[in-house]
Amino acid sequence: ISVITAVQVMNNARGDYTIIPLFMKDGEIIIPKHPKQFSSYTQKIQGKKAVFSKGGVKVGRKILPLDCVILANHGGEGEDGTMQSILSYFQIPYSTAKAESMSLCMNKYLFKQYLKGINIPYVEGEKIQRGETPSFFPCILKPNHLGSSIGVQVVNTYAEYQEKSEISFAFDEEILAEKFLLDFEEYSIASIYDGEEIILSDIEKEIATDRFFTFSEKYQKDNTVREIPARIEESRVEEIKNIVEKVVKDLSLYGVVRTD
């Protein structure tokens, strides 16, 4: 998904830009030989190795200055504040919020505490570590630091939790157990924020065919039903947009953000 995003950015960039693609894996940075071709990433990456340097990247003895890094990473180090911290250290501007905000947003349990503190409704949940058991069933288990519904599953009983929890723990040392909602609607909205003006998209209603919106439905299925704009009353539209605007401004969530 990260590669698809990056290739789309490169192929659709407008203006007089010199694009330097940086592919990161296993602690290495590579500038791919054919960065705009998906096939370049399905085998061993061919290209030049690079390392971050003050204000840019160093390739061999040459330093390539970077005006701004467009972070196309989905999840992991691209969204948990790690990349933001590295780029800040090397004094390189980037396209997302700062490290502390990114780290908070990628920790489901801490983000709930933040929402509680500013009186925004949220689904109740508790943080679980290995050897611990949720205090309620049925519940939905989520790796505490991941997105895209990876490792998410519904458990109805203690016996089922014993059987399935290791799947979630395989992705994270901490998991979140949330109350499993049966009667709910799920909405998404995008925002762009430059520190002054917030632009909000139409609200999208996601209609899952399973009991929750899975990774497959988000990224792989062609028949996922999406209602854009969502056919909901104007008061609900205003409520959703007010919540998103408050959180985006409060946490300085610069760049493009999707809120579910």
Side-chain angles (χ1 to χ4, degrees), residues 1-6 8-9 21-30 41 50-52 57 66 68-118 120 122-123 125-130 140-153 165 167-178 188-193 195 212-215 218-219 244 246-260:
I1 303 300
S2 301
V3 168
I4 291 172
T5 300
Q8 286 179 337
V9 170
L22 303 174
F23 180 79
M24 303 183 67
K25 187 175 183 180
D26 300 329
E28 290 187 333
I29 305 173
I30 299 174
Y41 304 92
V51 294
F52 284 115
V57 288
L66 299 175
C68 180
V69 171
I70 306 298
L71 287 166
N73 315 63
H74 285 252
E77 294 86 351
E79 288 193 79
D80 67 2
T82 301
M83 279 303 306
Q84 290 77 9
S85 296
I86 292 171
L87 294 171
S88 293
Y89 179 79
F90 286 107
Q91 300 177 28
I92 302 171
Y94 49 89
S95 61
T96 69
K98 293 184 178 180
E100 58 267 29
S101 295
M102 300 295 290
S103 179
L104 176 64
C105 290
M106 283 296 286
N107 185 315
K108 295 180 177 66
Y109 179 76
L110 288 182
F111 192 74
K112 286 180 183 292
Q113 306 314 303
Y114 159 72
L115 293 177
K116 182 179 180 180
I118 60 173
I120 289 180
Y122 62 94
V123 180
E126 53 191 28
K127 184 169 60 175
I128 306 293
Q129 295 180 328
R130 272 191 171 84
I140 185 163
L141 304 180
K142 302 179 179 182
N144 193 39
H145 301 91
L146 287 184
S148 300
S149 299
I150 296 172
V152 173
Q153 52 194 333
S165 59
I167 296 174
S168 297
F169 278 123
F171 293 100
D172 202 331
E173 294 179 353
E174 299 175 339
I175 61 176
L176 187 74
E178 283 185 346
S188 288
I189 182 171
S191 61
I192 301 177
Y193 183 45
F212 63 91
F213 208 54
T214 63
F215 178 89
K218 286 182 178 181
Y219 297 113
V244 172
K246 178 176 177 60
V247 172
V248 167
K249 282 186 174 180
D250 202 31
L251 296 181
S252 298
L253 298 179
Y254 305 124
V256 180
V257 172
R258 190 183 82 178
T259 303
D260 296 329

Check salt bridge (Lys or Arg N to Asp or Glu O under 4.0 Å) between [X] and all other residues, then give those that pass, not counting sequence neighbours.
X: K108; answer: none
X: E77; answer: none
X: K98; answer: none

What pairs of residues pass the salt bridge (Lys or Arg N to Asp or Glu O under 4.0 Å) test when at least one of them lies in residues 247-257, not counting sequence neighbours?
E245-K249
When you measure from the side chain of S168 to the backbone of G151, do you find a donor-acceptor pair of N or O atoms at a distance under 3.5 Å?
yes
Give the minimum heavy-atom separation between [X] and [Y], together with the two atoms involved.
X: I175; Y: P143; answer: CG2-CA, 4.2 Å
X: L66; Y: P93; answer: O-CD, 4.2 Å
X: S101; Y: L253; answer: CB-CD2, 4.0 Å

Determine whether D172 and K142 satisfy the following criterion, side-chain contact (heavy atoms from CB on, under 4.5 Å), listing intermediate values before the conclusion.
CA-CA 9 Å; D172 202 331; K142 302 179 179 182; over 6 Å; no
Just to verify, what does [X] make a side-chain contact (heavy atoms from CB on, under 4.5 Å) with, not counting sequence neighbours?
X: L110; value: L104, N107
X: E79; value: H74, M102, M106
X: I120; value: L115, I118, I243, K246, V247
X: S188; value: E204, E206, R258, D260

[atom1]-[atom2] distance between [X] and [Y], expressed to the nearest 0.5 angstrom:
X: L22; Y: L71; atom1: CG; atom2: CG; result: 10.0 Å
X: K127; Y: Q113; atom1: NZ; atom2: CD; result: 9.0 Å
X: N144; Y: F169; atom1: CG; atom2: CZ; result: 10.5 Å

Within a reach of under 6.0 Å around OH of Y109, are more than 12 heavy atoms found that belong to other residues, nucleotides or ligands?
no
May I ask you to check whether over 12 heavy atoms, not counting those of Y89, lie within 6.0 Å of atom OH?
no
Results of ring pair (Phe, Tyr, Trp, His ring centres under 6.0 Å) for [X] - residues two or more places apart only:
X: Y254; result: Y193
X: Y114; result: F111
X: F23; result: Y41

Do C105 and V257 have side-chain heavy atoms sitting under 4.5 Å apart?
no
Do F90 and V57 pass the side-chain contact (heavy atoms from CB on, under 4.5 Å) test, and can you show the C-alpha distance, the side-chain angles, and the key distance before you say yes or no?
CA-CA 9 Å; F90 286 107; V57 288; over 6 Å; no
Indicate every side-chain donor-acceptor pair of residues 80-87 with a distance under 3.5 Å to a residue at least two apart or in another chain.
from: D80; atom 1: OD1; to: T82; atom 2: N; distance (Å): 3.0
from: D80; atom 1: OD1; to: T82; atom 2: OG1; distance (Å): 2.8
from: Q84; atom 1: OE1; to: G81; atom 2: N; distance (Å): 3.3
from: Q84; atom 1: NE2; to: G78; atom 2: O; distance (Å): 3.1
from: Q84; atom 1: NE2; to: T96; atom 2: OG1; distance (Å): 3.0
from: S85; atom 1: OG; to: G81; atom 2: O; distance (Å): 2.9

Given S95, which of I70, V69, V9 fulfils the side-chain contact (heavy atoms from CB on, under 4.5 Å) condition?
I70
